[in-house]
Amino acid sequence: MMGMFHHRNLKLSSPKFGPLSGSSFGHSGARGWGRGRVNHGCSRGLLCLVEKNRRIKALGKGSWMSEESEEILQGTIEKSKKVIALQRELLQKISERRKLLHAIDSQINSISDEHSNESLLSTIENQNGGTVSSSYVQSSEKEISNVSSLATDRGFDKGEEEDDKLSLAEKASATQYFDELLNSNRYETIAPDTLPMEIPSGTKTTSQIIEILEGIDESSFDEVADKADNVESEGEKPPPLAGENAMNVILAAVECAPWSKTGGLGDVAGSLPKALAKRGHRVMVVAPRYSNYAEAVEIGVRKQYKVDGQDMEVTYFHAFIDGVDFVFLDSPNFRNLQNNVYGGNRMDILKRMVLFCKAAAEVPWHVPCGGICYGDGNLAFIANDWHTALLPVYLKAYFRDNGLMKYTRSILVIHNIAHQGRGPLDEFRYTDLPQHYIDLFQLYDPVGGEHLNILAAGLKAADRIVTVSHGYAWEIKTSEGGWGLHGIINENDWKLRGIVNGIDTKDWNPKFDVHLKSDGYTNYSVETLQSGKRQCKAALQKELGFPVREDVPLIGFIGRLDHQKGIDIIAEAIPWMVGQDMQLALLGTGRPDLEDMLKQIVSQHNDKIKGLIGFSVKMAHRITAGADILLMPSRFEPCGLNQLYAMNYGTIPVVHAVGGLRDTVTPFNPFEESGLGWTFDSAEPNKLVNALGNCLMTFKQFKQSWEGIQRRGMMQDLSWDNAAQQYEEVLVAAKYQW
Ligand SMILES: Nc1ncnc2c1ncn2[C@@H]1O[C@H](COP(=O)(O)OP(=O)(O)O[C@H]2O[C@H](CO)[C@@H](O)[C@H](O)[C@H]2O)[C@@H](O)[C@H]1O
């Protein structure tokens, strides 16, 4: 194990340089809309255009229409599209604010439940000058201070008079946001004074404009706003609020679902921030922009960073979704890597990471979100894996060492310590750091010899380290699990914490899963588990070309095809498996030799085994829903998300008890009717066979026990709320650490 220092799609321990990337860095270009100037020659700006358009429409698009009118119409439509985008963003913000108010309300309600409705209401009403019930203040001072500090932070306050201020503040901030966008050079032809300044009436006015131009009526916008509310109303209880612990948080990652994803890192970057935002933190995700993302709008800021002596320009795109600012960094270095995030040779990758980390470190100063930059006070970065491990180092070397960003903290999350960004020492020069910083990077071990280790430097420079389960936090301190970094991990044990990942309960929820809405699949919940799962299983069997049989156990595997995930262990167990009455569906992509192995297995046992080589989010969801059992014989697994998804879908995991798999899958105990799946204690085919054998027997002979395991799995709270609270504790610990 120690000999294999793999990196995602590259081995930095190898002295050989890989082939040149071959990526053309083709310029995908900025969005076309909003760039062309329309010379409408009218001081009334957009309304004038609307008026013209209305006239044109009224007369019909006859042959009388001049080229100029055509051009104006086109320009108008382009403008209106921008307004729609802005409108959507505003509605989203309004809806988020509403949710936050709702959360504050529920917190107030829960306090009042404990301390009698009357006393709390009078307490809150009296905060504008009346007498405060002293008994209440004494008994629940903390809760009140939490609620009020958050309310103030967000521009909300209590009392009727203050409510007025709130809406003014809200309106002002929305107006400012609108102004900010409209005044940027992308909107130079729209006069700001023609745009809505008040949220409710503004919504109407703009809706009317849009209605004329696009045939979209106002209800569509209400729909957008309601949609976000619905998610909450469909049974999701808002988590407790961070209150006085609310911080500005910037999570930097090189993949972020749904825009870019090769594995679990993408899932975490796409969902943890939303859970932190739900608690009241101001949260941004920074990720590279690998292709055009429909939701993200260019904000018009340009910055240059030196990479290997060359100036590289970075532009910024922004989207506000589910309470989170998603900021995508655009540069020729990142373009066209949508399906090859870790593609290119070692130098290409290193340069990309240097550029990304340099730019990400300055995002809080350069990128106004909702009109206001995050700033560097009360701020913490969350970096992820070796790709962003330079971020804590840059924060220290460029800023903190020079008396800047003194109140900014960094947390480095280890999703997989096997990937470290190793290379020859002379590559240090690409990092653009003062020479004495080489000490952080320099590492010797018997396998890699003297080398440059980016993850090692990040671990030393970060204020806190998190890894994605308790089990893995222990394992990385051992020589077997630390992949050469166990010494550094042990030295920094005081700042290490294990936090088990959560899951996105919107995307990975059998009740709402969009991939189960067609082709014979169906959404289901714990109440409709048996019928729903039966239908999904039949649909999956049909889609994969298996005989449609309810009584045969359908086993799934989803994962990267590499040493970690143990697909070769499954391969060794195949002779036994095909002797059973079972069906096996394998989905994965990765190492070419393992892909070939998978193809061979499938061709030999096509009646019982189907294999899908490639990356398909849809099929990952469908296998998770349609299979009875999910197999995860991972040699090591920092957390593992697939077993969590499986349990949420009533699919029973059979896993090697390691890392996060051991933390999350408690073994089935038939005497107590407890547990969530089957585990085996070492990554060997005979152990897998033993555990899977017991599982298959239970499936066939003990239906009640089976259903019990399914239900227990589905009824767990696997959401990010728990994890977000623990991340918050780490953020706060970092904040007060000097
Ligand atoms: N071929 C395919 N097609 C479609 N989807 C596919 C796929 N192969 C994998 N996936 C998806 O990618 C994700 C994989 O997540 P994991 O947590 O299992 O693994 P990964 O090893 O990438 O992540 C690392 O980081 C995460 C996050 O911290 C840790 O849980 C984990 O232990 C650690 O190794 C899942 O959403 C899965 O459905």
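None of these values were measured; they are calculated from a predicted model. In each ligand, atom 1 is the first atom listed, and ligand 1 is the first ligand listed.
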Review point. So, does T528 use its side chain to make a donor-acceptor pair with the main chain of Y524 at under 3.5 Å?
Key: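 Not confirmed, T528 side chain does not pair with Y524 backbone.
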Practice item. Answer yes or no: is there a side-chain heavy-atom contact under 4.5 Å between H419 and W386? Key: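 With C-beta onward as the side chain, the pair touches.
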Check your understanding: Any side-chain heavy atom of L329 within less than 4.5 Å of one from P288?
Key ->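 No, every pair of side-chain atoms sits at 4.5 Å or beyond.
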Could you verify whether a donor N or O on one side chain and an acceptor N or O on the other, from [X] and [Y], lie under 3.5 Å apart?
X	Y	answer
S260	Q338	no
S634	Q564	no
H605	D607	no
D267	Y645	yes
E637	H656	no

Which of the numbered atoms in ligand 1 are under 4.0 angstrom from any heavy atom belonging to [X]?
X	value
N501	27 (C), 28 (O), 30 (O)
G640	17 (O), 29 (C), 30 (O), 31 (C), 32 (O)
D267	13 (C), 35 (C), 36 (O)
E637	31 (C), 32 (O), 33 (C), 34 (O)
P638	32 (O), 33 (C), 34 (O)
G263	12 (O), 13 (C), 14 (C), 22 (O)
N642	18 (O), 35 (C), 37 (C), 38 (O)

Exercise for review: Ignoring angles and geometry beyond distance, decide whether V617 reaches within less than 3.5 Å of ligand 1 through its nitrogen or oxygen atoms.
Suggested key: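 V617 vs ligand 1: no N/O contact under 3.5 Å.
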Practice item. Please determine if L587 has a nitrogen or oxygen closer than 3.5 Å to a nitrogen or oxygen of ligand 1. Key: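 L587 vs ligand 1: no N/O contact under 3.5 Å.
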Practice item. Please determine if R662 and E475 form a salt bridge, counting it only when a charged side-chain N lies under 4.0 Å from a carboxylate O. Key: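 Yes, this pair counts.
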If we only consider heavy atoms of [X], is any one of them less than 4.0 Å away from an atom in ligand 1?
X	answer
Q564	yes
K261	yes
G614	yes
G660	no
Y645	yes

Heavy atom under 4.0 Å from ligand 1: found in [X]'s side chain, backbone, both, or neither?
X	value
M619	neither
A620	side chain
T624	neither
V468	side chain

Review point. Looking only at non-hydrogen atoms, which of Y472, F557, W508, F615 approaches atom 7 (C) of ligand 1 most closely?
Key: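 It is F615 that holds the nearest heavy atom.
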Check your understanding: Which option, K565, H415, R560, owns the non-hydrogen atom nearest atom 19 (O) of ligand 1?
Key ->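 Closest candidate by heavy-atom distance is K565.
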Exercise for review: Can you label the angle between the W508 ring and the H621 ring as parallel, tilted or perpendicular, going by 30° and 60°?
Suggested key: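 W508 and H621: parallel rings.
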Exercise for review: Mind telling me whether Y472 and F636 have parallel, tilted or perpendicular rings, with 30° and 60° as the class edges?
Suggested key: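 If you compare the ring of F636 with that of Y472, the planes turn out parallel.
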Check your understanding: Mind checking whether F328 and W259 have ring centres under 6.0 Å apart?
Key ->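 Under 6.0 Å, so yes.
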